[in-house]
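Basis for what follows: all heavy atoms, side chains included, without hydrogens, waters or symmetry-related copies. Protein chains get the first letters and strands the later ones, always in sequence-line order, with residue 1 at the start of each.
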Number of protein chains: 2
Amino acid sequence: MAHSGGPVLVGAGGRGATDVVGGEARTADRILEAALLSFASRGYGGTSFDALADALGIRKQSILYWYPSKEALLQAVVDQAAADLSDALESSLSRAGDGWARVEAVVRSVFRLGSARPELLGLVREAVRLGPPAATRLIGALGPLVDRAAAFLQVEMSSGHMRQHEPRLLLLAIYSTVVGMITEVDVLRALGEEPDARSLVRRRQEILRLLRSALVLEPAS
Amino acid sequence: MAHSGGPVLVGAGGRGATDVVGGEARTADRILEAALLSFASRGYGGTSFDALADALGIRKQSILYWYPSKEALLQAVVDQAAADLSDALESSLSRAGDGWARVEAVVRSVFRLGSARPELLGLVREAVRLGPPAATRLIGALGPLVDRAAAFLQVEMSSGHMRQHEPRLLLLAIYSTVVGMITEVDVLRALGEEPDARSLVRRRQEILRLLRSALVLEPAS
DNA sequence: CCGGCCACCTACCACATGGTAGACAGTGCG
DNA sequence: CGCACTGTCTACCATGTGGTAGGTGGCCGG
C-alpha cells in the first residue's frame with residue numbers, strides 16, 4: 001500500500017495514498033473516509049462532490065485531483081472497506097478456540113465492528129444495491145474469508161457440535177441476523193427514539209442466545 | 001380509498017386514485033407502480049422523473065400532474081406499499097393455527113411476498129435508509145401488525161411452546177433472516193450468477209428448519 | 001353546438017451535478 | 001536564484017434535475 005504521494009492513477013482505480021505523514025491524515029485519506037461515511041448513509045447517488053468537499057473544508061476539484069471520477073472514488077472506498085472488513089474479521093476468525101466459542105467470537109467481533117464503524121456495513125448494503133462492479137469487487141474480496149468460515153462450520157457440524165445446515169446459507173443467516181440487529185438502530189432512529197447503549201448490549205446478549213439455540217446441538221442429556 | 005379521479009391534492013400527500021376503470025390501469029396507479037419499482041431498486045435519489053416517465057411512455061409533467069412533487073410521490077408509494085404489506089401479512093397472521101405452524105405460515109407468506117413483489121421489501125429498506133418522514137410513515141403503518149405478532153409470540157413462549165425471547169427482538173431477527181435470504185438473490189446476482197428457482201426453494205426449506213430449531217422448544221424427550 | 005373540464009402535452013427555468021482547463025502558491029533542488 | 005513539481009484553488013461548461021407556465025385535444029352535460 002505504500003504510495004509515494006500524488007494523484008491516483010486511473011488504471012486500476014486508485015487504492016493509493018494510505019500513508020499518513022504526520023499527526024494529520026493525508027487529504028486523499030480524509031476524502032476516502034468522508035466518502036465512505038456519505039456513501040453508506042446517503043448512498044452513492046445521494047453523495048455529491050460539493051457536499052463531500054464542504055464537509056472536508058476543501059473544494060471539489062481537490063477531490064477530483066486525487067480521484068479522477070466519482071466511480072473511481074467509489075472503487076477506492078469499496079476496496080478500502082473490503083480490506084478493513086477483511087482485517088477485522090480475519091483476526092477474530094484466526095483466534096484459537098472451537099465450536100460455539102469461536103462462532104461467538106466472530107459474531108461478537110461483527111457486533112463490535114458494527115458499533116465502531118457502522119458505515120462499513122452500510123457500504124456493503126449500498127454496494128449490493130448498486131450491483132456490479134462495486135458489489136463484485138467487495139464480495140469478491142470477502143470471498144476467501146467466507147470460504148474459510150464455511151469450512152470451519154462444516155467441520156463443526158460434521159463432528160456433531162452443531163446442527164446440520166448448509167454452511168454458506170448458515171453464514172448468511174448469521175450475518176443477516178447480526179446486521180439486522182445493527183440496522184434495528186436505524187429503525188428505532190427512524191421512529192424518533194434514540195436507543196441507549198445499555199439496552200443495545202442487552203439485546204446483543206439475547207441475539208447471541210438466540211443464535212446459540214439455533215446452532216448448537218446440545219449433547220444428549 | 002375511493003377517488004373520483006383527478007390529481008392528488010397537496011395536503012396529506014396523495015394516496016388517491018387506486019381505482020381501476022376498465023381493463024387498463026389508471027395513469028396515477030401506473031406511476032405509483034413504476035415509482036415503487038424504481039425507488040426500491042435504484043433508490044429515491046437515483047430515480048428521476050424523466051426516467052420514470054420514459055418507462056411509462058409519458059412525459060414527466062404528467063407525473064407532476066398526479067403527484068405535485070417527488071416527495072409527495074414517495075409518500076404515496078410508501079403508503080401504498082405499507083397497505084400492501086399490511087394486507088399480505090394480515091391475512092396470514094389471521095389464519096388459524098398455533099405454535100410453530102402459525103409462525104411458519106407467516107414466514108412462508110413473507111417468502112412468497114418476497115418472491116412475488118421483492119420491491120416491497122426493497123422499499124422498506126430504502127425507507128429506513130431515508131429516515132423520516134418516509135420511514136416513520138411506513139413503520140408507523142406496520143406498527144399494529146408488529147404488536148399483534150409480538151403478542152402472539154409472547155403467548156406461545158409463556159405457554160412453553162417456544163424458547164423465551166424478547167418478542168419484538170425475535171420478530172426482527174426472523175424478519176432479518178428471511179429478508180436476508182431474499183437479499184441473497186441480489187448478492188448472487190451482483191456476482192453474476194443467476195440463481196435457479198429450485199435451489200431457492202431448497203434454501204427456504206432450510207431456513208425454515210433453522211428458524212424452527214432456534215424457536216421451538218421440543219417437549220422433553 | 002358549445003363551454004368547461006380533464007389529462008396530457010410543449011416550452012421553459014433555476015439550479016445542482018460531475019467534470020475540464022488553467023492559474024497560483026508553496027516547496028525542494030541544482 | 002531559477003526551475004520543476006505538487007496540491008489546491010478559481011472559472012467555466014454540458015448535462016440532468018425537480019418544478020412552473022401555459023397551451024391543446026377530447027369528452028362531457030346542457
What is the separation between atom OH on B/Tyr44 and atom C1' on D/dT17, rounded to the nearest whole Å?
12 Å
Identify each atom pair where a protein N or O and an N or O of nucleotides 8-10 of chain C are less than 3.5 Å apart, giving names and distance.
from	atom 1	to	atom 2	distance (Å)
C/dC8	OP1	B/Thr27	OG1	2.4
C/dC8	OP2	B/Trp66	NE1	2.6
C/dC9	OP2	B/Arg59	N	3.0
C/dC9	OP2	B/Ser62	OG	2.4

Spacing between A/Ile63 atom CD1 and D/dG7 atom P, to the nearest angstrom:
16 Å
Give the rounded distance in Å between these two atoms: CG of A/Asp54 and C1' of C/dT17.
14 Å
Side-chain H-bond candidate by donor/acceptor type, A/Ser176 with B/Thr177, under 3.5 Å
no
Less than 4.5 Å apart, side chain to side chain, heavy atoms only: is that true for B/Leu73 and B/Phe39?
yes
Do we see a donor-acceptor contact under 3.5 Å between the side chains of A/Arg204 and A/Ser115?
yes
With heavy-atom distances below 4.5 Å as the criterion, would you say the side chains of A/Tyr44 and A/Glu71 are in contact?
yes
Can you find a pair of side-chain heavy atoms, one from B/Glu90 and one from B/Leu93, that are under 4.5 Å apart?
no
Please set out all donor-acceptor pairs under 3.5 angstrom arising from side-chain atoms of residues 49-59 of chain B, sequence neighbours excluded.
none

Under 3.5 Å between N/O atoms: give me all the protein pairs with nucleotides 22-25 of chain D, atom names plus distance.
none

Is the phosphate of D/dG16, meaning OP1 or OP2, less than 4.0 Å from a side-chain N or O of B/Ser48?
no
Roughly how many Å is it from CZ in A/Phe49 to P in D/dT8, rounded to a whole number?
15 Å
With the side chain counted from C-beta on, respond yes when A/Phe111 and A/Ile207 share a heavy-atom pair under 4.5 Å apart, and no when they do not.
yes
Separation of D/dG16 C1' from B/Asp50 CG (nearest whole Å):
8 Å
Within the structure provided, determine whether A/Arg129 and A/Arg125 are in side-chain contact (heavy-atom separation under 4.5 Å).
no
In terms of side-chain heavy atoms, does A/Gln80 have a donor or acceptor partner in A/Asp84 at a distance below 3.5 Å?
yes
Would you kindly give the NZ-to-P distance between B/Lys70 and D/dT20, to the nearest whole Å?
15 Å
How many Å lie between OH on B/Tyr67 and P on D/dT20, as a whole number?
17 Å
Quick one: B/Leu52 CG to D/dT17 C1', roughly how many Å, whole number?
13 Å
